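Structure first, then comments.
Computed from a prediction, not measured in an experiment: that's the story for all the values here. Note that these values count all heavy atoms, side chains included, but never hydrogens, waters or copies made by symmetry.
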Amino acid sequence: MKKFIKTVWTFIMFSLIIFSPYLLFAEEGTRVFFKVKKELYVQPDELWISINIETTGKTEAEVINSLGKADKKIRNLGLSYQGGNYQVFKNCFWKKGERVCKGFKGRAEYFFKLTSVKDQKILFETLDKKPKNYSYFINFETWKVSENKAKEIEKKLGALLFKEIFQKKNFVEKHLGKKCFIKEIKFGTRFYPFFIRCSSEGISAIPQPVKKKRLFTKEANIELLCK
């Protein structure tokens with residue numbers, strides 16, 4: 001009897017060390033709880049860039065014309081982007097407590113999804129070419145994992161997670177000598193983004209965002225019912 005009790009105690013302690021479950025002995029059977037976690041580091045494949053084009057002029061037409069020249073340069077590159085809507089308003093400011101308005105100013109914001117640093121270089125070299133009666137400012141640049149690639153990673157993590165869940169289920173069945181059923185699985189998913197934010201003008205000041213791997217994590221809390 002003492003040997004049997006020692007064997008059961010050894011099994012419980014071993015289980016706690018292997019996958020940190022805890023057991024509840026209930027009338028309907030033995031309930032086993034444990035947690036499984038999987039992680040993958042993924043190389044990002046999209047370079048996201050947001051820029052503002054800004055200009056001033058004596059008239060609204062002059063401002064729109066300047067923004068249009070920048071817009072034409074961008075469109076001719078054939079890069080994937082969103083935005084480009086013009087905003088034109090009076091160029092007003094406060095001077096010695098008095099509101100002064102001189103001409104007009106305008107801006108347009110662009111959001112790019114590129115695939116390489118080469119595209120980034122081409123973009124800013126093009127914007128720096130003369131005639132250049134406007135300024136451009138970088139709002140942010142960062143490498144990100146594309147939506148399609150993220151979905152593939154989620155599927156892979158899910159497969160790895162279920163593989164370990166069933167391995168541990170089989171382990172519990174073998175050592176308890178009972179048939180176990182998965183009563184509940186609670187999933188949790190985490191992704192750690194990484195952003196570089198900046199504000200600069202001109203190609204000499206363009207930052208080079210680090211293409212750093214991103215960490216994807218998927219975890220699950222499992223409850224087994226063993227009879």
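To the nearest 0.5 Å, atom CD1 of residue I122 and atom CG of residue L127 are 12.0 Å apart. Residue L157 holds its CG atom at 4.5 Å from CG of L40, rounded to the nearest 0.5 Å. Interatomic distance, D45 CG to K113 NZ, rounded to the nearest 0.5 Å: 10.5 Å. In this structure, CG in L79 is found 9.0 Å from CD1 in I49, a value given to the nearest 0.5 Å. Atoms NZ and OG1, on K37 and T217 in that order, are 5.5 Å from each other to the nearest 0.5 Å. Atoms CD1 and OG, on I53 and S66 in that order, are 11.0 Å from each other to the nearest 0.5 Å.
The residues K168 and E164 are annotated as salt-bridged, a charged nitrogen and a carboxylate oxygen being separated by less than 4.0 angstrom. Using a 4.0 Å cut-off between a side-chain N of Lys or Arg and a carboxylate O of Asp or Glu, K38 and E219 do not qualify as a salt bridge. A salt bridge is defined here as a Lys NZ or Arg NE, NH1 or NH2 lying under 4.0 Å from an Asp or Glu carboxylate O, and K151 with E147 meets this definition.
Taking the side chain as every heavy atom from C-beta outward, K155 and E152 never approach each other to under 4.5 Å. A heavy-atom distance below 4.5 Å is not found between the side chains of V172 and N170. For the pair I182/K169, a side-chain contact is recorded, criterion being any heavy-atom separation below 4.5 Å from C-beta on. Residues Y86 and V63 fail the side-chain proximity criterion, which asks for heavy atoms closer than 4.5 Å. With contacts defined as side-chain heavy-atom distances shorter than 4.5 Å, the pair I51/N139 does not qualify. Side-chain atoms of F34 and F171, non-hydrogen and from C-beta on, never get closer than 4.5 Å to each other. Counting heavy atoms from C-beta outward, V145 and F216 have side chains that approach closer than 4.5 Å. For the pair N76/I74, no side-chain contact is recorded, criterion being any heavy-atom separation below 4.5 Å from C-beta on.
Residues L224 and F187 fall within the same hydrophobic cluster, defined by Ile, Leu, Val, Met, Phe, Trp and Tyr side chains chained together at heavy-atom separations under 4.5 Å. Note on F181: it does not cluster hydrophobically with I185, by side-chain heavy-atom contacts below 4.5 Å among ILVMFWY residues. At a threshold of 4.5 Å between side-chain heavy atoms, the hydrophobic network of Ile, Leu, Val, Met, Phe, Trp and Tyr places Y81 and L123 in one connected group. Under a hydrophobic clustering in which Ile, Leu, Val, Met, Phe, Trp and Tyr are joined whenever their side-chain heavy atoms come within less than 4.5 Å, directly or via other members, L160 and V42 fall into different clusters. Hydrophobic clustering (side-chain heavy atoms under 4.5 Å, transitive across Ile, Leu, Val, Met, Phe, Trp, Tyr) groups L77 together with L114.
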### Task
Give the intermediate values and the outcome of ring pair (Phe, Tyr, Trp, His ring centres under 6.0 Å) for residues F112 and W48.
CA-CA 6 Å; F112 297 87; W48 289 20; over 10 Å; no
### Message
As a quick check of understanding, evaluate side chain to side chain contact (heavy atoms under 4.5 Å, CB included) for V88 and I64, giving each step before the final call.
### Response
CA-CA 8 Å; V88 181; I64 292 172; 3.8 Å; yes
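No hydrogens or angles considered: nothing links the side chains of T56 and N91 as a donor-acceptor pair under 3.5 Å. Checked by atom type, the side-chain pair Y41/K212 shows no donor-acceptor distance below 3.5 Å. With no hydrogens or angles considered, a side-chain donor-acceptor pair links T30 and K178 at under 3.5 Å.
The aromatic ring centres of F137 and F124 sit 6.0 Å or more apart.
Distance alone, capped at 3.5 Å, is enough to place a donor-acceptor pair between the T55 side chain and the N133 backbone. In terms of modelled atom types and a separation under 3.5 Å, the side chain of R31 and the main chain of K183 share no donor-acceptor contact. At distances below 3.5 Å, not a single donor-acceptor pair connects side-chain atoms of E154 with backbone N or O atoms of A150. With hydrogens and angles ignored, the 3.5 Å screen pairs a side-chain donor or acceptor of K73 with a backbone N or O of K129. Under the 3.5 Å distance criterion, the side-chain polar atoms of N65 are left unmatched by any main-chain donor or acceptor of A61.
Taking all atoms of both residues into account, the shortest heavy-atom contact from V117 to W143 is CG2-CZ2, 3.8 Å. Closest approach of C226 and V32 over heavy atoms only: SG-CG2, 4.1 Å. Counting all heavy atoms, side chain and backbone alike, E39 lies closest to L215 at CB-CD1, 3.8 Å. The shortest heavy-atom contact between K218 and G158 is CD-N, 4.0 Å.
Within 6.0 Å of CD in Q43 there are more than 12 heavy atoms belonging to other residues, nucleotides or ligands.
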Ignoring hydrogens and angles, write down the donor-acceptor pairs under 3.5 Å from the side chains of residues 96-110, residues two or more places apart or on other chains.
from	atom 1	to	atom 2	distance (Å)
R107	NE	Q87	OE1	3.1
E109	OE2	S50	OG	3.2
Y110	OH	D71	OD1	2.6

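A cation-pi arrangement is present between K132 and Y134, with the terminal nitrogen or guanidinium carbon under 6.0 Å from the aromatic centre and inside a 45° cone about the axis.
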